[in-house]
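In what follows, residues are counted from 1 in the order of the sequence shown. Atom set for the values below is all heavy atoms of this structure, side chains included, hydrogens, waters and symmetry mates excluded.
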Amino acid sequence: WMLQLEAALVETQLAAPPLGLLFERHAPFTQMVFEHYLRQPAQPVSLAVAALPLTLLQWPQLVCFAQDFELCPLQAGWAQLARRFCFVGTCAVAQQWQRPEAHGLTAAQFAALLGWCALEAPTPPPLRTPEPAAAARETSPHAAAALKLKALFAHLQLSRGALQLRAREAAHAPGTPH
């Protein structure tokens with residue numbers, strides 16, 4: 001129940017400004033990443049997750065994403081990622097609620113998982129000494145969380161996986177010779 005409470009608190013925090021606005025700003029990128037990995041075959045496929053009425057991102061697909069985008073082990077440990085996946089995701093087999101193979105993610109759950117990873121990451125050091133007005137804004141209750149979320153999105157967008165994904169998307173863009 002403690003982990004469920006933690007997941008609920010994270011969801012609430014991620015929906016509140018300024019974090020909700022950061023998610024909106026990065027929604028096209030997050031959606032593009034989600035759709036790309038959703039199209040990748042899950043190996044091994046979870047038949048229980050595949051049988052659900054929704055098409056969900058499965059654990060092996062998330063592992064590929066986490067490796068390609070250097071999320072694990074740089075931003076989160078594998079055990080942490082698996083735990084968060086289970087609490088954020090849709091469970092296909094209730095008796096196996098603690099096993100990531102029994103879960104899948106919708107696009108919204110994928111975004112929530114990324115947010116949870118950001119919130120539990122260490123606070124990044126400031127890039128420069130802030131001006132007094134900026135320092136006052138950074139003392140708001142959500143300032144540290146916003147910094148963590150910005151740092152995660154910056155990390156993801158500069159990762160090897162993002163560069164490869166953008167190159168693939170550009171190669172398949174309309175008007176581009178194949």
Side-chain angles (χ1 to χ4, degrees), residues 1-16 18-20 22-23 25-27 29-38 40 42-46 48-49 52 54 56-126 141-165:
W1 66 267
M2 291 281 296
L3 295 174
Q4 289 173 333
L5 178 60
E6 182 181 357
L9 289 171
V10 166
E11 272 188 53
T12 301
Q13 188 174 10
L14 293 174
L19 302 182
L22 284 170
F23 267 110
R25 185 178 317 144
H26 294 284
F29 173 77
T30 305
Q31 187 67 34
M32 178 182 68
V33 170
F34 175 80
E35 289 173 2
H36 173 76
Y37 284 92
L38 190 62
Q40 304 304 308
Q43 296 298 326
V45 66
S46 167
V49 174
L52 291 173
L54 298 169
L56 301 171
L57 187 75
Q58 293 193 22
W59 176 246
Q61 295 164 315
L62 184 73
V63 168
C64 288
F65 157 75
Q67 290 170 335
D68 291 349
F69 281 74
E70 301 155 7
L71 184 67
C72 288
L74 298 177
Q75 297 287 319
W78 288 107
Q80 290 173 315
L81 186 64
R83 177 180 66 101
R84 293 173 194 156
F85 183 79
C86 290
F87 279 97
V88 170
T90 300
C91 185
V93 184
Q95 303 88 325
Q96 297 179 0
W97 66 268
Q98 77 284 8
R99 299 191 59 200
E101 299 83 14
H103 294 79
L105 297 177
T106 63
Q109 291 167 333
F110 177 71
L113 179 69
L114 292 179
W116 197 350
C117 289
L119 293 179
E120 287 195 0
T123 302
H142 298 291
L147 283 174
K148 289 179 177 187
L149 194 57
K150 286 178 185 178
L152 176 74
F153 279 121
H155 170 81
L156 294 176
Q157 291 189 3
L158 295 173
S159 70
R160 172 185 77 243
L163 297 175
Q164 292 171 346
L165 183 56

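The side chain to side chain donor-acceptor pair (under 3.5 Å) analysis of residues 56-68, with sequence neighbours excluded, yields the pairs Tyr37-Asp68. Identified under the salt bridge (charged side-chain N to carboxylate O under 4.0 Å, His left out) test for residues 99-110, with sequence neighbours left out: Arg99-Glu101. The salt bridge (charged side-chain N to carboxylate O under 4.0 Å, His left out) pairs that include a residue from residues 154-164 are Glu70-Arg160, where partners are two or more places apart or lie in different chains.
Counting heavy atoms from C-beta on, the side chains of Phe85 and Trp116 never come closer than 4.5 Å. Using a 4.5 Å heavy-atom threshold, the side chains of Leu38 and Leu105 count as separate.
Residues meeting the side chain to side chain donor-acceptor pair (under 3.5 Å) test with Glu35, sequence neighbours left out: Gln31. Arg25 meets the side chain to side chain donor-acceptor pair (under 3.5 Å) test with no other residue; sequence neighbours excluded. Listed by chain and residue number, Ser46, Ala92, Val93 satisfy the side-chain contact (heavy atoms from CB on, under 4.5 Å) test with Ala48 (two or more places apart in sequence, or in another chain). For Gln157, the side-chain contact (heavy atoms from CB on, under 4.5 Å) criterion is met by His26, Phe29, Arg166, not counting sequence neighbours. Every residue was checked against the side chain to side chain donor-acceptor pair (under 3.5 Å) condition with Gln98, not counting sequence neighbours, and none meets it.
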Note to self: Go through it in stages, so that I can follow the logic: the residues are Phe65 and Leu156, the test is side-chain contact (heavy atoms from CB on, under 4.5 Å), and I'd like the CA-CA distance, side-chain angles, deciding distance and then a yes or no.
What the structure shows: CA-CA 10 Å; Phe65 157 75; Leu156 294 176; 4.2 Å; yes
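The heavy-atom pair separating Trp97 from Cys86 by the smallest distance is O-CB, 3.5 Å.
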Sequence neighbours excluded and cut-off under 3.5 Å, please list the side-chain donor-acceptor pairs for residues 107-115, or say none.
from: Gln109; atom 1: OE1; to: Thr90; atom 2: OG1; distance (Å): 3.3
from: Gln109; atom 1: OE1; to: Thr106; atom 2: N; distance (Å): 2.8
from: Gln109; atom 1: OE1; to: Thr106; atom 2: OG1; distance (Å): 3.4
from: Gln109; atom 1: NE2; to: Val88; atom 2: O; distance (Å): 3.3
from: Gln109; atom 1: NE2; to: Thr90; atom 2: OG1; distance (Å): 3.1

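With hydrogens and angles ignored, the 3.5 Å screen pairs a side-chain donor or acceptor of Lys148 with a backbone N or O of Leu119.
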